[in-house]
A.B. asks: 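Shown below is the structure under consideration.
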Amino acid sequence: MGQIHFKLNETLEMIGATRNKIAVESKTRPATILDLASGDTKTIKLETLVNILNAINEIAHSHGLEKTFGIEDIIQFVPQSTENTR
């Protein structure tokens, strides 16, 4: 079975932002950002993801980064290794 890997911390490092800054800019509870960054979240609303991504992209563009960040920069699906299926 595959796994979900949370990449929010790596993305925040890339854009030079803190979890608190993303929480404020996205109008998301800091505890939600912490849970998402640490991988402790079990559910997340799509609206929350959109707000977080909008904040990440605004900050990134204000720092001169031309990359547009998407869901894959926050959450990544890691498929099961074929070696584990044998």
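Computed over heavy atoms, backbone and side chain alike; hydrogens, waters and symmetry mates excluded.
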A.B. asks: Going only through I, L, V, M, F, W and Y residues with side-chain contacts under 4.5 Å, is there a path from I56 to I71?
C.D. replies: yes
A.B. asks: Which atom pair, heavy atoms only, marks the closest approach of P30 to A23?
C.D. replies: CA-CB, 3.9 Å
A.B. asks: Drop me the distance from F69's CZ to I52's CD1, to the nearest 0.5 angstrom.
C.D. replies: 14.0 Å
A.B. asks: Could you tell me whether the side chain of D35 and the main chain of T32 form a donor-acceptor pair under 3.5 Å?
C.D. replies: no
A.B. asks: Is L46 atom CG crowded by more than 12 heavy atoms from other residues, nucleotides or ligands, each under 6.0 Å away?
C.D. replies: no
A.B. asks: Nearest 0.5 angstrom please: N51 CG to K45 NZ, how far?
C.D. replies: 11.0 Å
A.B. asks: For H61 and E66, work out which heavy atoms get closest and say how close.
C.D. replies: NE2-O, 4.2 Å
A.B. asks: Atom NZ of residue position K27 - does it have more than 12 heavy atoms of other residues, nucleotides or ligands inside 6.0 Å?
C.D. replies: no
A.B. asks: Can you tell me how far the CD atom of E58 sits from the NE2 atom of H63, to the nearest 0.5 Å?
C.D. replies: 12.0 Å
A.B. asks: In terms of hydrophobic clustering (I, L, V, M, F, W, Y; side-chain heavy atoms under 4.5 Å; direct or indirect links), are L34 and I4 co-clustered?
C.D. replies: no
A.B. asks: Apply side chain to side chain contact (heavy atoms under 4.5 Å, CB included) to the pair T48 and L36, showing each step before the final yes or no.
C.D. replies: CA-CA 11 Å; T48 302; L36 191 57; over 6 Å; no
A.B. asks: Quick one: pull up CG in L8 and CD in E13 and give me the separation to the nearest 0.5 Å.
C.D. replies: 10.5 Å
A.B. asks: Could you list the donor-acceptor pairs under 3.5 angstrom formed between side-chain atoms of residues 14-22 and any protein atom two or more places apart in sequence or on another chain?
C.D. replies:
| residue | atom | partner | partner atom | Å |
| --- | --- | --- | --- | --- |
| T18 | OG1 | K21 | N | 3.0 |

A.B. asks: With rounding to the nearest 0.5 angstrom, report the CZ to CD1 distance, F6 to I74.
C.D. replies: 10.5 Å
A.B. asks: What residues, two or more places apart in sequence or in another chain, satisfy side chain to side chain donor-acceptor pair (under 3.5 Å) together with T11?
C.D. replies: none
A.B. asks: More than 12 heavy atoms of other residues, nucleotides or ligands under 6.0 Å from CD of E47: yes or no?
C.D. replies: no
A.B. asks: Could you give the distance from CD (E10) to NE2 (H5), rounded to the nearest 0.5 Å?
C.D. replies: 4.5 Å
A.B. asks: Would you confirm whether N57, through its side chain, and T68, through its main-chain N or O, come within 3.5 Å as a donor-acceptor pair?
C.D. replies: no
